[in-house]
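See structure below.
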Amino acid sequence: MTTGSSLRLACPADYLLSRDFCSYGYFLLAPNRWDTESQRFSTVLTLPDGVVTVTVSQGASRVAGGRSAPRRRSGPPGVPGAPLRVVCDRTLDRAEQAAVKAQLVRMLRLDEDAKTVRGFHKVDPRWKKFGRGRLMRSTSLFQDVVRTVTSCNVTWPSTVHMNERLCAVVGGGAFPTAKKLKRTRASTLRARCRVGYRDKRLVQLADLFASGAIDEDRWTSPETSDDEVFKALVELPGIGPYAAANIMQLLGRYGHLPLDTESVRHGRVVLGMEGTHAEVMRRVGEHFAPFGEHAFRSYWFELWDFYESRRGPSWLWDPETTGKSFTANQL
DNA sequence: GGTAGACCTGGACGC
DNA sequence: GCGTCCAGGTCTACC
């Protein structure tokens, strides 16, 4: 039996894999796979010379039976700040190892300054004790944009299905690259990936990314204003105000709220707001405005807290049941 | 600038 | 098993 490369990935002192990986719905999307028993995840990454499946763990943090890692009472398992162990299914050279690390750092936001998280806790201390502050995202901006488009105008199970099909049909197991998606016929995306009317928009987006028309560095630069990025995003095919605001947070710009029907549900059920759909949506925006540049995280962790109050801790959600079945209007 | 309706899919429901 | 209805954000035509 051949063994692959094993890498060690340092992470910030506050980083806790079980809590911080299972902090955003994309952790349930293919090719990601969270294992609730071993409290580690696997995913498939694309490298210049092929794909690699990696399994990522943080110390020994098994939760069901057997030898267990220290588990804080009523908290997520694991030891914050412990380095991550990345096991690959094949041997990688140095350049490939660096590429794997870079993708995981982006996905887990390990490069996000701990000061930013502390700043968030200062503005909204409700999450300090539990340590919530970091949000999981994709290994690339392209993935984040495509996933956002597949989450628009559908219930969550359809988003899960579209991502599974995109990986299986176009990506060969991994999430499709912009180059691959660009070369895919819109009719194939519609018929085999069930993306519906999003077919042409996805190909156009892939073309923009593959051709270098998207200036990601500019969008992440502190020199570029939020408004400028937002305006550029809504120019993209398939991206409206909701999707743009969501991509903003995925870029690390947390000042905008992606307001949708879920925001309205939250406003009514959790915040006790009344009025029409439009009125509640506006009030939710106003409610979180005082959190300023941290507004999205305050909003999102309230939502996530509500989901966990109904479905249990996210690091124990079974991807085959909870992860696929739950939709906001059923909670 | 604001609004109505089309765009698609999958799930729920009734028969 | 089939038909109907509904949820969901973006886009376009129209006022």
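Within every chain, numbering begins at 1; the chains are lettered A, B, ... in the order of the sequence lines, protein sequences first and strands thereafter.
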Exercise. Does a distance-only test, which skips hydrogens and angles, find a donor-acceptor pair under 3.5 Å between the side chain of A/Tyr242 and the base of C/dG8?
Worked result: no
By side chain to side chain contact (heavy atoms under 4.5 Å, CB included), A/Met248 pairs with (sequence neighbours left out) A/Asp226, A/Val229, A/Phe230, A/Leu233, A/Arg253, A/His256
Per atom distances to the A/Cys152 side chain, the nearest of B/dG10, C/dG8, C/dG9 is C/dG9
Residue set satisfying side chain to side chain contact (heavy atoms under 4.5 Å, CB included) with A/Val87, at least two apart, ordered chain then number -> A/Ser6, A/Arg85
Whole-Å distance, A/Glu262 CD to C/dG8 C1', equals 12 Å
A/Leu202 atom CG is separated from B/dC7 atom C1', nearest whole Å, by 14 Å
B/dG11 phosphate, OP1 or OP2: any side-chain N/O from A/Thr155 under 4.0 angstrom? no
From the list A/Asp20, A/Leu17, A/Leu16, side chain to side chain contact (heavy atoms under 4.5 Å, CB included) partner of A/Pro80 resolves to A/Leu16
Protein-proximity profile, nucleotides 1-6 of chain C, B/S/- by nucleotide at the 4.0 Å heavy-atom cutoff, equals ------
Terminal axes of the helix from B/dG1-C/dC15 to B/dC15-C/dG1 (5 end pairs apiece), angle rounded to 10 degrees, sit apart by 30°
Sorted by chain and residue number, the salt bridge (Lys or Arg N to Asp or Glu O under 4.0 Å) partners of A/Arg118 (sequence neighbours excluded) come out as none
TODO: Check whether any side-chain N or O of A/Thr261 sits under 4.0 Å from OP1 or OP2 of C/dG8, and answer yes or no.
DONE: yes
| For the residue pair A/Phe296 and A/Tyr299, does the interplanar ring angle fall in the parallel (under 30°), tilted (30 to 60°) or perpendicular (over 60°) class? | tilted
Residues passing the salt bridge (Lys or Arg N to Asp or Glu O under 4.0 Å) test with A/Asp215, sequence neighbours excluded, are none
Kindly say whether the aromatic ring centers of A/Tyr24 and A/Trp300 come within a distance under 6.0 Å. yes
Those residues at least two apart in sequence (or on a different chain) that pass side chain to side chain contact (heavy atoms under 4.5 Å, CB included) with A/Pro237 are A/Arg201, A/Gln204, A/Leu205, A/Leu208
A/Arg265 atom CZ is separated from C/dA7 atom C1', nearest whole Å, by 15 Å
Quick note, salt bridge (charged side-chain N to carboxylate O under 4.0 Å, His left out) partners involving residues 21-35 of chain A, not counting sequence neighbours, are A/Arg33-A/Glu320
A/Leu189 CG to B/dC7 P, in whole Å, measures 19 Å
Between CE of A/Met162 and P of C/dG9 the distance, given in whole Å, is 12 Å
The salt bridge (Lys or Arg N to Asp or Glu O under 4.0 Å) partners of A/Arg134 (sequence neighbours excluded) come to A/Asp14
**Prompt:** Would one find a side-chain N or O of A/Arg198 under 4.0 angstrom from OP1 or OP2 of C/dT10?
**Reply:** no
Atom CG of A/Asn246 and atom P of C/dG9 are separated, to the nearest Å, by 11 Å
Whole-Å distance, A/Leu259 CG to C/dG8 P, equals 14 Å
From CH2 of A/Trp156 across to C1' of B/dA12 the rounded distance in Å is 21 Å
Hits for side chain to side chain contact (heavy atoms under 4.5 Å, CB included) against A/Ser221, two or more places apart or cross-chain, chain-then-number order -> A/Glu223, A/Thr224
- [ ] Report yes if a side-chain nitrogen or oxygen of A/His161 is closer than 4.0 Å to either non-bridging phosphate oxygen (OP1 or OP2) of B/dG10; otherwise report no.
- [x] yes
Which pairs would a plain distance check flag for residues 179-192 of chain A, meaning a side-chain donor or acceptor within less than 3.5 Å of a matching protein atom at least two apart in sequence or in another chain?
| residue | atom | partner | partner atom | Å |
| --- | --- | --- | --- | --- |
| A/Thr184 | OG1 | A/Lys180 | O | 2.8 |
| A/Arg190 | NE | A/Asp199 | OD2 | 2.9 |
| A/Arg190 | NH2 | A/Asp199 | OD2 | 3.3 |

For nucleotides 11-15 of chain C, which of its nitrogen or oxygen atoms have a protein nitrogen or oxygen under 3.5 Å away, and what is each distance?
| residue | atom | partner | partner atom | Å |
| --- | --- | --- | --- | --- |
| C/dC11 | OP1 | A/Gly238 | N | 2.5 |
| C/dC11 | OP1 | A/Ile239 | N | 3.3 |
| C/dC11 | OP2 | A/Ile239 | O | 3.3 |

